[in-house]
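One structure below.
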Number of protein chains: 2
Amino acid sequence: MKRRNTHSTAEIFEVLKSSGNALSHDMIQENIGSDIDRATIYRVLNRFCEDGKVHKIIGDDGKQYFAICHNCGEKKKVHSHNHIHFRCLQCGKVECLERDLAVPLPEGYVAKVHNLVISGFCNNCS
Amino acid sequence: MKRRNTHSTAEIFEVLKSSGNALSHDMIQENIGSDIDRATIYRVLNRFCEDGKVHKIIGDDGKQYFAICHNCGEKKKVHSHNHIHFRCLQCGKVECLERDLAVPLPEGYVAKVHNLVISGFCNNCS
DNA sequence: AACATTATTGCAACATAGTCGCAATATTAA
DNA sequence: TTAATATTGCGACTATGTTGCAATAATGTT
Ligand SMILES: [Mn+2]
Ligand SMILES: [Mn+2]
Ligand SMILES: [Zn+2]
Ligand SMILES: [Zn+2]
């Protein structure tokens, strides 16, 4: 499966990059110029995740948010996402707080995926 | 709105208590003897949450899990849930790791709700 | 430039999780 | 026993995300 450069992938990645935050499907659809199908957006985002260009966070609203990877993939060897995410209850912004958080687990527990979300009010809304 | 003691509320709370873990809607429905409607289960659980008897966690599978409150409500004055939850990818168990986690936020950020979930393999499944 | 291969898209249908309106029922207090 | 009303069951509905399939478009080759 060799990836192809399409109009959709370019535009979706651009929206994510220029936003700088984690975006949900509908946020992306709003910020996009052209009309890209809902299913296509999801498929493109999931492809990005598989390729390690983007990581997915499940918000405490139950929705999926996607953010460009920064401190993983390229720079590091490991693709780790053990950082906190903040979701503003006022403006809806979801951001990665780029500070790795070491969480001690009980004996015998093996961590695979971290999904750490704090919601509240961001610096603009508090 | 004065709460009433019904068969449904008693049974659902009993299932949560005897399980000791956080349970999703369908887990509860399985572990329940009688037939209680889906909508009723959700309404009962949400009522428990409002009353501070139970807290809700959004899993990294996007589903709602409900767990009886232990270190909040009664003993403490504050109803805080800044503890980590662990979801086993093998057996599906979701548990509260009863260790409060202080997360430092950037200036101007106000935390309201913590939703911290780590998934992986529990002591029984690793 | 034209072609063949096949990754990607759009559309519709589907799946799942959760909520809501409303009439029927059951709990509570008088 | 009765009245008031919180709770339930049922069905319909919403929201979010996935999937099958035919049409389209990106890519490498001739
Ligand atoms: Mn992140
Ligand atoms: Mn908990
Ligand atoms: Zn905000
Ligand atoms: Zn397990």
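Model, not experiment: these values are computed from the prediction.
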Grab the [atom1]-[atom2] distance between [X] and [N] for me, whole Å please.
X	N	atom1	atom2	result
Glu11(B)	dT8(D)	CD	C1'	14 Å
Arg3(A)	dA25(D)	CZ	C1'	16 Å
Asp37(A)	dA22(D)	CG	C1'	14 Å
Asn5(B)	dT5(D)	CG	P	19 Å
Ile12(A)	dT9(C)	CD1	C1'	11 Å
Asn46(B)	dT8(D)	CG	C1'	15 Å
His7(A)	dT27(D)	NE2	P	14 Å
Glu50(B)	dA6(D)	CD	P	13 Å

Return no unless some side-chain N or O of Thr40(A) is found under 4.0 Å from OP1 or OP2 of dG10(C).
yes
Can you find a side chain N or O atom of Thr6(A) that sits less than 4.0 Å from OP1 or OP2 on dT9(C)?
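For dT9(C), OP1 or OP2 has a side-chain N or O of Thr6(A) closer than 4.0 Å.
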Any residue of residues 56-68 of chain B with a heavy atom less than 4.0 Å from an atom of DNA chain D:
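Contacting residues: none.
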From dT9(C), dT18(D), dG18(C), nucleotide with atom closest to Tyr42(A) side chain
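So the side chain of Tyr42(A) is nearest to dT18(D).
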Kindly point out which of dT27(D), dG10(C), dC10(D) is positioned nearest to the side chain of Ile36(A)?
dG10(C)
Identify whether any heavy atom of [X] sits under 4.0 Å from a base atom; if not, whether one sits that close to sugar-phosphate; answer base, sugar-phosphate or nothing.
X	value
Asp26(A)	nothing
Arg38(A)	base
Ser24(A)	nothing

Check: dT5(D) base within 3.5 Å donor-acceptor of Arg4(B) side chain:
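In this structure, the two groups form a donor-acceptor pair.
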Tell whether Arg43(B) reaches the base of dT19(C) with its side chain through a donor-acceptor pair below 3.5 angstrom.
no
Indicate, with yes or no, if the rings of Phe86(A) and Tyr109(B) have centres closer together than 6.0 Å.
yes
Please check if the distance between the ring centroids of His55(B) and His83(B) is under 6.0 Å.
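Centroid separation for His55(B) and His83(B): below 6.0 Å.
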Rounded to the nearest 0.5 Å, what separation is found between the CD1 atom of Ile57(A) and the SG atom of Cys96(A)?
5.0 Å
If I compare all heavy atoms of [X] with all of [Y], which pair ends up nearest, and what's the gap?
X	Y	result
Lys56(A)	Asn115(A)	O-OD1, 4.4 Å
Tyr65(B)	Ser24(B)	CD2-N, 3.5 Å
Thr9(B)	Arg4(B)	OG1-O, 4.2 Å

Just say parallel, tilted or perpendicular for the rings of Tyr42(A) and His25(A), cut-offs at 30° and 60°.
parallel
